[in-house]
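Atom set for the values below is all heavy atoms of this structure, side chains included, hydrogens, waters and symmetry mates excluded.
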Amino acid sequence: MARQTGIIKLKGTIGDISFYKSSDGHLARAKGGVDANRIANDPAFQRTRENGSEFGRAGKGGKLLRNAIRILLQNAKDKRVTSRLTKDLVAVVKADTTNERGLRTIQDGDLSLLESFEFNLNGKLATTLFAAYTNAFDRVSGDATLNLAAFSPTVRIAAPAGTTHFQIVMGAAELDFASESSSFQNDETAILPLTSADTAPIALTASLSANSTLPVVQVVGVKFYQEVNGQMYDLKNGSYNALAVAIVDTP
């Protein structure tokens, strides 16, 4: 892979060189590789097929989670969240000690490896919210909860420049990786002024199915706003909003 420089950037193929644009800029690479039919059938590529199968499950699982929490994720993610999440889910799949290589799954792996996953490296929850909180998921009732004692926003929240208001958000997703389906519920505070005195105690609840037999992922986040002429706007289009996995609960 090579990086294109100069005023004119190429797209397409010239000879054996492919020119394309990615999140890393304008790049070029040589065409080539092993024939797809050979990879699909040659015994020499058995490991490749196994790795590809498990990588595919990780990719689908990441898409399932991202789609489930989309309402919170759409303004709290970085450009590499898809690849980062897939990488962590590959590790989850590889932790499956039940199924044979190539047949390992997310649901039989170690989903706890997703705990503390940050969806936006430009605004990590771990370096944004310093107020102590407790969170839990009750599988019997299906309730995911988040509780914060009263706190001073200017002391306990590391807000980016330009912030006038903020909001604490929480959501819980019930994920069926086998059928590629999910359910999601969320709760949030009102939009609160950053420079106010201590907040009131905060208690958020998101209710899923009681006695679920599926994995549940709880996410917690902070959204930032800027007030202009009485209107609230997402600060810098949500570039610094934080969202992270707080709990992974498996049956």
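- Looking at heavy atoms from C-beta onward, L113 lies in side-chain contact with D110 at the 4.5 angstrom threshold.
- Two residues are said to be in side-chain contact when any heavy atoms from C-beta on lie closer than 4.5 Å; N147 and T145 meet this criterion.
- Cluster partners of L235, using a side-chain heavy-atom cutoff of under 4.5 Å among ILVMFWY residues and allowing indirect links, are L125, L129, Y133, L146, L148, F151, I157, F166, I168, M170, L192, L194, I202, L204, V220, V222, F224.
- Pairs passing the ring pair (Phe, Tyr, Trp, His ring centres under 6.0 Å) check and including a residue from residues 97-118, sequence neighbours excluded, read F117-F119.
- Listed here is the closest heavy atom pair of Q167 and T189: NE2-O, 2.8 Å.
- Counted within 6.0 Å of CG on N211, heavy atoms from surrounding residues, nucleotides or ligands total more than 12; the atom is thus considered enclosed.
- Side-chain contact check for Q226 and T164: no donor-acceptor pair (N or O, by modelled atom type) lies under 3.5 Å.
- Between L72 and F184, the closest side-chain pair of non-hydrogen atoms falls below 4.5 Å.
- Residues passing the side-chain contact (heavy atoms from CB on, under 4.5 Å) test with T195 are T154, sequence neighbours excluded.
- One side chain, D96 or N99, offers a donor N or O that lies under 3.5 Å from an acceptor on the other.
- Judged by distance alone, the side chains of S212 and E174 do bring a donor and an acceptor atom under 3.5 Å apart.
- Judged by distance alone, with hydrogens and angles left aside, the side-chain atoms of Q107 form no donor-acceptor pair with the main-chain N or O of F177 at under 3.5 Å.
- Inter-residue side-chain proximity for L85 and L89 is flagged as met; some heavy-atom pair is nearer than 4.5 Å.
- Within the structure, salt bridge (charged side-chain N to carboxylate O under 4.0 Å, His left out) contacts touching residues 137-159 (residues at least two apart or in different chains) are R139-D249.
- A donor-acceptor pair under 3.5 Å links the side-chain atoms of R57 to the main chain of R104, judged by distance alone.
- In this structure a side-chain-to-backbone donor-acceptor pair under 3.5 Å is missing from D88 to L114.
- The side-chain heavy atoms of Q218 and F137, taken from C-beta on, include no pair separated by under 4.5 Å.
- With sequence neighbours left out, D108 forms a salt bridge (Lys or Arg N to Asp or Glu O under 4.0 Å) with no residue at all.
- The main-chain N or O of S239 is found under 3.5 Å from a side-chain atom of N120 such that the two form a donor-acceptor pair.
- Annotation: side chain of L65 is in contact with side chain of L175 (closest heavy-atom distance under 4.5 Å).
- Heavy atoms of other residues, nucleotides or ligands lying less than 6.0 angstrom from CG of L121 number more than 12.
- The stretch residues 70-82 participates, sequence neighbours left out, in these salt bridge (charged side-chain N to carboxylate O under 4.0 Å, His left out) pairs: D24-R80, D78-R84.
- Minimum interatomic distance between A242 and T128 (heavy atoms only, all atoms of both residues): CB-OG1, 4.0 Å.
- Residues I247 and L243 fall into different hydrophobic clusters, defined by Ile, Leu, Val, Met, Phe, Trp and Tyr side chains chained together at heavy-atom separations under 4.5 Å.
- Electrostatic pairing of K124 and E118 does not count as a salt bridge here, judged by no charged N lying under 4.0 Å from a carboxylate O.
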